[in-house]
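For reference, the structure is listed below as structure tokens.
Positions are given from 1 along the sequence.
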Amino acid sequence: EDGDEEEEDEEDEDEYSDDEDTSWKVRRAAAKLLSSVFTTSPGTLEAVFDKAVPRLLSRLKEREESVKLDVFTLLEDVMRTCSAS
């Protein structure tokens, strides 16, 4: 029985908790980078629009609020860039 408890403890240690998950920082930085690229290079947006926008819309389900806000801002920039073209 003690062996089972030790195995469970080891499995728990291998899993990441939300507190340790920093991947949201990468997603947030990616949204900011795309926003900069799309606003400074509208041709890039035009080239990837059909693939990028559906993926961006799916990111609105983001669990991290700061990332969700940056994705929303990115979508606003996409719309402004499209309307200026």
Side-chain angles (χ1 to χ4, degrees):
E1 200 170 313
D2 288 335
D4 290 338
E5 288 178 29
E6 287 177 25
E7 285 179 28
E8 287 178 23
D9 289 341
E10 287 177 18
E11 288 175 13
D12 290 342
E13 290 173 8
D14 292 339
E15 295 178 17
Y16 288 105
S17 71
D18 284 342
D19 295 336
E20 297 169 338
D21 180 17
T22 58
S23 63
W24 65 270
K25 292 178 182 178
V26 175
R27 295 189 303 275
R28 188 171 185 202
K32 289 180 177 187
L33 175 65
L34 284 173
S35 182
S36 295
V37 169
F38 291 162
T39 55
T40 59
S41 178
T44 303
L45 174 58
E46 187 177 325
V48 299
F49 184 88
D50 291 337
K51 289 183 180 181
V53 172
R55 290 181 181 175
L56 294 173
L57 290 171
S58 74
R59 294 311 316 165
L60 290 174
K61 297 176 187 172
E62 176 67 45
R63 62 187 160 96
E64 183 66 39
E65 288 298 318
S66 62
V67 177
K68 191 184 296 187
L69 180 61
D70 285 333
V71 170
F72 188 74
T73 301
L74 168 56
L75 286 166
E76 285 180 318
D77 291 341
V78 166
M79 291 304 165
R80 266 192 223 103
T81 302
C82 289
S83 66
S85 298

**Request:** Spell out, as yes or no, whether a donor-acceptor pair under 3.5 Å connects the side chain of Ser41 to the backbone of Val37.
**Result:**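 Pair absent, no side-chain N/O of Ser41 close to backbone of Val37.
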
**Request:** Would you please name every residue forming a side-chain contact (heavy atoms from CB on, under 4.5 Å) with Leu74, sequence neighbours left out?
**Result:**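 Testing Leu74 for side-chain contact (heavy atoms from CB on, under 4.5 Å), a comparison that skips the adjacent residues, returns Ala31, Leu34, Ser35, Phe38, Leu56, Val78.
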
**Asked** If you look at every heavy atom in Lys68 and Leu60, which pair is closest and at what distance?
**Response**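 Answer, listing the atom of Lys68 first, then Leu60: CE-O, 3.4 Å.
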
Taking a hydrophobic cluster as the set of Ile, Leu, Val, Met, Phe, Trp and Tyr residues connected by side-chain heavy atoms closer than 4.5 Å, whether directly or through intermediates, do [X] and [Y] fall within one such cluster?
X: Val71; Y: Phe49; value: yes
X: Leu45; Y: Leu57; value: yes
X: Leu69; Y: Val53; value: no

**Request:** With sequence neighbours excluded, give me every salt bridge (charged side-chain N to carboxylate O under 4.0 Å, His left out) pair touching residues 72-85.
**Result:**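 Qualifying pairs: Asp77-Arg80.
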
**Request:** Would you check if Asp21 and Arg63 make a side-chain contact, meaning some heavy-atom pair closer than 4.5 Å?
**Result:**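 Yes, close enough: below the 4.5 Å cut-off.
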
**Request:** Could you tell me the separation between the CD atom of Glu64 and the OG1 atom of Thr22, rounded to the nearest 0.5 Å?
**Result:**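 So the CD of Glu64 and the OG1 of Thr22 are separated by 11.0 Å.
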
**Item:** Residue pairs passing the side-chain hydrogen bond (donor to acceptor under 3.5 Å, both in side chains) test where at least one lies in residues 51-60, sequence neighbours excluded
**Value:**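 Pairs touching residues 51-60 that pass the test: Arg59-Glu62.
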
